[in-house]
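Here is the structure we will look at.
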Amino acid sequence: MVLTTIFLLANLSVKSKKSTDPLFYVFAVFSFTSVVSITNALQHHGFIKGFMDFYISKGEPYLSTAHGIMMSYWDGVVHYGLLLIMAHHMTAGKPFRSLALVWAGSMIASEIVLITGVVVGKYGKNLLPAFWRNAPSLVLPIWAAAKLLNRPRELSIIPADKVEVEQKKTLLSRPTDLLLTLGLMGSIIFTAFRGFVVLECSLDFCFTYIFQYEPYMKDSVGFPKVTMLVFLFYVLPLLTACVYGLYTPGCTWMLDWTLVLAGAVMQWTHLGASVHSRTPFTYRIPKDEWRQVVTLNLLYTAVPVLLAVRCYMDQTFFMKNVPQEQASNGKKNN
């Protein structure tokens, strides 16, 4: 798989005159690390043997945890697929900015949780030199996201009169946006609630939730607690801003930040680790509550994804307002 990745990216680089874009080389580097990730995941589930033993024992032992394995699957399948598609789009001259923002949001969130979780969890007592290779894995996606956000957006061509008509509609006149707003408000409440739970809130319903519904958040590895805190301090403000963006016309930043948010809120690693066999039995989701917890987490993930799709498919409400005089002059000139 490593040789195949190198061959594909080298072939794309030779074919394209646009491979001088530094993002191409960032995607190439992370394609290689994604292959390493899927190798780690496959070995821990017994599909292959002998590839990662030395590195796990002498480099990054936390990659053998449930969180590390599920994160490796996400990186080796979803990130790897996105990277190859983006590299192809880049060499073919097709737009890739939207996909890249989703990838950047997912990578940044994954690395913040991994790095912080290792430091504050049980593996922080004995950090090995290989741990520091995660620093570029966080810095490069942040740099890539900043570079992408400074590039022109992939905007649709929409007549000014259509923009004006759409932006005059109230939230109640836009049922899709109304449902998304309600979903976002529910996500805000759920985010704040789980943040208070991991901060050891003394209220009875917080105590009940962490013991009867998501005991994984008490695991000493530190990753689930850090995940909830990242959601509380970073995702929650974005969710709140998105409610404002659905209510107020002309918020073009919604077209970018909803993509970043959709990538960051993916629950695969957290949800997968909470039911994984490598998680101690007492920290797994109880069988009696399994369906409710999984459904709630999937809905939590679905809301930002659906919001990003809505913003990408219909950009009219989020376009900048065009003054009436300017629109009229444009029609006369035509």
Side-chain angles (χ1 to χ4, degrees), residues 101-102 105-106 108-110 112-113 169-218 224-249 251 253-275 285-286 288-314 317-318:
L101 286 173
V102 175
S106 181
I108 292 169
S110 296
I112 289 176
V113 171
K169 294 180 180 179
T170 64
L171 186 60
L172 294 176
S173 303
R174 293 177 281 121
T176 301
D177 290 350
L178 178 60
L179 289 174
L180 286 171
T181 300
L182 294 175
L184 286 170
M185 293 176 69
S187 297
I188 290 170
I189 295 171
F190 190 52
T191 302
F193 171 67
R194 292 204 295 184
F196 293 147
V197 168
V198 297
L199 290 173
E200 300 180 359
C201 172
S202 59
L203 296 175
D204 291 341
F205 56 84
C206 292
F207 183 84
T208 301
Y209 185 83
I210 199 169
F211 277 92
Q212 294 186 11
Y213 292 90
E214 287 199 72
Y216 175 60
M217 292 194 291
K218 298 186 296 160
K225 183 173 184 177
V226 171
T227 300
M228 296 304 112
L229 293 178
V230 168
F231 286 174
L232 178 64
F233 293 113
Y234 296 98
V235 171
L236 190 144
L238 269 178
L239 292 170
T240 306
C242 287
V243 173
Y244 173 82
L246 285 175
Y247 180 78
T248 307
C251 295
W253 53 265
M254 285 279 286
L255 304 176
D256 294 336
W257 285 100
T258 52
L259 296 169
V260 176
L261 178 63
V265 182
M266 293 299 179
Q267 291 270 92
W268 165 262
T269 302
H270 173 74
L271 191 57
S274 64
V275 297
I285 299 175
D288 294 340
E289 315 299 341
W290 189 88
R291 182 174 297 179
Q292 296 94 312
V293 175
V294 170
T295 301
L296 198 57
N297 278 275
L298 290 177
L299 288 173
Y300 183 75
T301 301
V303 171
V305 174
L306 292 174
L307 175 62
V309 171
R310 178 262 179 273
C311 294
Y312 184 80
M313 298 299 293
D314 185 4
F317 185 78
F318 309 105

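Every value quoted in this text rests on a predicted model; they were computed, and no experiment measured them.
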Main-chain N/O of Asp314 paired to Arg310 side chain as donor or acceptor, under 3.5 Å: yes

Looking at Phe190, I want to see if its CZ is surrounded by more than 12 non-hydrogen atoms of other residues, nucleotides or ligands under 6.0 Å. yes

With a 6.0 Å cut-off (strictly less than), is the heavy-atom count around CD of Gln292, excluding the residue itself, greater than 12? yes

Is the NZ or CZ atom of Lys225 positioned over Tyr216's six-membered ring, under 6.0 angstrom from the centre and within 45° of the axis? no

Please name the pair of heavy atoms, one in Leu255 and one in Cys311, separated by the smallest distance, quoted to 0.1 Å. CD2-O, 3.4 Å

Could you pull out the closest heavy-atom pair between Ile188 and Val243, with the gap in Å? CD1-CG2, 4.0 Å

Looking only at heavy atoms, the pair that brings Glu214 and Arg194 closest together is OE2-NH1, 3.0 Å

Look only at the side chain of Ser187 and the backbone of Gly183, and say whether a donor-acceptor pair between them is shorter than 3.5 Å. yes

Centres of the Tyr209 and Phe205 rings: under 6.0 Å? no

With no hydrogens and no angle check, is any side-chain donor or acceptor of Thr295 less than 3.5 Å from a backbone partner on Arg291? yes

So which heavy atom on Leu172 is nearest to which on Leu178, and how close? CD2-CD2, 4.1 Å

Evaluate whether atom OH of Tyr312 has more than 12 neighbouring non-hydrogen atoms of other residues, nucleotides or ligands under 6.0 angstrom away. no

Looking only at non-hydrogen atoms, find the nearest pair between Leu232 and Pro237 and report the distance. O-CD, 3.9 Å

Which pair of heavy atoms, one from Val305 and one from Ala262, lies closest together, and at what distance? CA-CB, 4.1 Å

Neighbour count above 12 (heavy atom, 6.0 Å) for Trp253 CH2: yes

Rounded to the nearest 0.5 Å, the OH atom of Tyr247 sits from the OG1 atom of Thr181 at a distance of 10.5 Å

With a 6.0 Å cut-off on the ring centroids, do Tyr300 and Phe231 count as close? yes

Just verifying a value: how many Å separate Thr227 OG1 and Met217 CE, rounded to the nearest 0.5 Å? 10.5 Å

Strictly distance-based, threshold 3.5 Å: is any side-chain N or O of Asn297 a donor or acceptor partner for the main-chain N or O of Val293? yes

So, taking the atom named CZ in Phe318 and the one named CG in Asp256, what distance separates them when rounded to the nearest 0.5 Å? 12.0 Å

